[in-house]
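Everything quoted here is computed from the prediction, not taken from an experiment.
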Amino acid sequence: GVPDDKVPELLKDVARRKGGVDESVARNQTKDLLEPLLKSDPAGVLGQLKHLETLKQPPENIVSDLFKNTLQLRDHDSIDAKYRSFEGQKTVQSLLGTLFVFKYLEFFRHSLQALFEALGTKINLPDIEVTLPVGVSFYTFQALAYVIDVYNRHVPTERHPGVFALYKAYFPQLVAGPIERPARLLPQLKRPTKLECERLATGFALIVVGLFKKVVIADRLAIYVNEVYGHPAQYHGLAVILATYLFAFQIYCDFSGYSDIAIGSARMFGYDLMQNFDRPYFSRSVREFWTRWHISLSSWFRDYLYIPLG
């Protein structure tokens, strides 16, 4: 049987509201509904249930979405496991290779040339002129999240090229995040939206706050910080300490300001992006700090790099 703690509260509510029965009967109905699916593909179904709980849609759509997504996940069973592994590795390597070429190849060339010169060998490696695409790091990480989640059967394959392209390069968060997960953003992009006064008001307020952080605070602090850090021989003691503290506030207002603008812009269009900063300088430990600073990036490394390697 399916243990009670595996039955999401949302689906119990669906059964209760559809059948007009009490909670104990609703639990049994829900377990009977899920039993065949859980026997055939427990990991895929439980992953879908976890994600469906976060979606804002009428309860009567939840069960049908569960069956539809589960059937899509079953499509993977017809593909040879070695082929899936090969395709997954090839896709991840191509994404990381593209990021390396555009962002780190020139740095690697300079480092390699400096190493040879330090060893007494002079070489002239050719300059590599590559125009850096806007937001390449963010949409690479977002694409990697999609590939890994599909491979692990946490989300179904998105077969609409337009929806996938919008997920990968959604313009509000393209330049500075937050880095969204496919299970959170893809369902939002496929549901109809409409202009709502409340969303327009709260989204606009977030944009104003973000612009204030970026333009009024961060850019003004940068004038003093850049002057001190740009001429270290001319400044000593208190001036350097002050510039260091101000830099902490500059970088926070810079990054969190961009995130507020992105979240506010998306909210005005009817989409919810994840919170990216949660008062990190009030943290009581380094570990807590990294759970509150650039949350989408730190959680990305935790879920897709640290935990799989641990």
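- Taken together through direct or relayed side-chain contacts under 4.5 Å among Ile, Leu, Val, Met, Phe, Trp and Tyr, Ile263 and Val215 form parts of separate hydrophobic clusters.
- Side-chain contact check for Lys103 versus Ser137: some heavy-atom pair is nearer than 4.5 Å.
- Asp219 is linked by a salt bridge (charged side-chain N to carboxylate O under 4.0 Å, His left out) to Lys214, counting only residues two or more places apart in sequence or in another chain.
- Both Leu189 and Phe138 are part of a single hydrophobic cluster, where members link through side-chain heavy atoms under 4.5 Å apart.
- Residues Thr193 and Tyr271 form a side-chain contact, since some pair of their non-hydrogen atoms from C-beta on lies under 4.5 Å apart.
- Qualifying side chain to side chain contact (heavy atoms under 4.5 Å, CB included) partners for Phe282, counting only residues two or more places apart in sequence or in other chains: Arg279, Arg292.
- Legend: residues meeting side chain to side chain contact (heavy atoms under 4.5 Å, CB included) with Leu297, ordered by chain and number and at least two apart, are Phe141, Ile179, His294, Phe301.
- Of the inter-residue distances, the one linking Thr98 atom OG1 with Tyr139 atom OH reads 9.0 Å to the nearest 0.5 angstrom.
- The side chain to side chain contact (heavy atoms under 4.5 Å, CB included) search around Phe100 returns Tyr104, Leu105, Phe108, not counting sequence neighbours.
- The main-chain N or O of Gln250 is never found under 3.5 Å from a side-chain atom of Asp254 such that the two would form a donor-acceptor pair.
- Under the side-chain hydrogen bond (donor to acceptor under 3.5 Å, both in side chains) criterion, Glu106 pairs with Arg109, His110, sequence neighbours left out.
- The side-chain hydrogen bond (donor to acceptor under 3.5 Å, both in side chains) search around Thr244 returns Tyr229, not counting sequence neighbours.
- Tyr235 approaches Val228 most closely through the heavy-atom pair CD1-CA, 3.8 Å.
- Here CG of Leu206 is found 10.5 Å from CG of Leu273. Values are rounded to the nearest 0.5 Å.
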Is there a side chain to side chain contact (heavy atoms under 4.5 Å, CB included) between Arg184 and Asp272? Walk through the geometry before answering. CA-CA 9 Å; Arg184 177 180 170 86; Asp272 295 314; 4.0 Å; yes

Give the C-alpha distance, both sets of side-chain angles, the deciding distance and a yes or no for salt bridge (charged side-chain N to carboxylate O under 4.0 Å, His left out) between Asp260 and Arg267. CA-CA 10 Å; Asp260 288 342; Arg267 184 172 296 178; over 6 Å; no

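- Remark: Lys90 engages Glu87 in a salt bridge (charged side-chain N to carboxylate O under 4.0 Å, His left out) (not counting sequence neighbours).
- Ile261 and Ile251 are members of different hydrophobic clusters when ILVMFWY side chains are connected at heavy-atom separations under 4.5 Å.
- Counting non-hydrogen atoms of neighbouring residues, nucleotides and ligands closer than 6.0 angstrom, the OH atom of Tyr224 exceeds 12 such neighbours.
- With a 4.5 Å cut-off on side-chain heavy atoms, Leu99 and Leu95 do not count as touching.
- Going from atom CE of Met268 over to atom CD1 of Ile207 covers 5.0 Å, rounded to the nearest 0.5 Å.
- In this structure, the side chain to side chain contact (heavy atoms under 4.5 Å, CB included) partners of Phe289, at least two apart in sequence or on a different chain, are Pro280, Tyr281, Ser283, Trp293.
- Cluster annotation: Leu305 is connected to Val147 through the hydrophobic network of ILVMFWY side chains, with a link wherever side-chain heavy atoms come within less than 4.5 Å.
- The closest side-chain heavy-atom distance from Tyr151 to Thr91 is not below 4.5 Å.
- Ile241 forms part of a hydrophobic cluster together with Tyr245, judged by ILVMFWY side-chain heavy-atom separations under 4.5 Å.
- Considering all non-hydrogen atoms of both residues, Ala243 and Val225 come closest at O-CG2, 3.7 Å.
- In summary, the side chains of Arg181 and Ser299 do present a donor paired with an acceptor at a separation below 3.5 Å, with no hydrogens or angles considered.
- Residue Met274 belongs to a hydrophobic cluster whose other members are Ile295, with links defined by side-chain heavy atoms closer than 4.5 Å.
- Checking side-chain atoms of Asp149 against main-chain N and O of His154 turns up no donor-acceptor pair under 3.5 Å.
- By the neighbour-count criterion of 12 heavy atoms within 6.0 Å, atom CD of Gln234 is densely surrounded, having more than that number from other residues, nucleotides or ligands.
- The shortest side-chain heavy-atom distance between Val208 and Phe212 does not fall under the 4.5 Å cut-off.
- Residues Leu200 and Leu195 are in side-chain contact: their nearest non-hydrogen atoms beyond the backbone lie under 4.5 Å apart.
- Annotation: side chain of Leu96 is in contact with side chain of Leu144 (closest heavy-atom distance under 4.5 Å).
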Let me check something: any side-chain donor-acceptor pairs from residues 160-176 under 3.5 Å, sequence neighbours excluded? List them with distances.
residue : atom : partner : partner atom : Å
His160  : ND1  : Gly162  : N            : 3.0
His160  : ND1  : Val163  : N            : 3.2
Tyr167  : OH   : Gln142  : O            : 2.7
Gln173  : NE2  : Gln142  : OE1          : 2.9
Gln173  : NE2  : Pro178  : O            : 2.7

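- Follow the hydrophobic side-chain contacts under 4.5 Å out from Phe204 and you never reach Val216; the two are in separate clusters.
- Checked against salt bridge (charged side-chain N to carboxylate O under 4.0 Å, His left out), Arg284 has the following partners two or more places apart in sequence or in another chain: Glu288.
- Between atom SG of residue Cys253 and atom CZ of residue Phe277 there is a gap of 10.0 Å, rounded to the nearest 0.5 Å.
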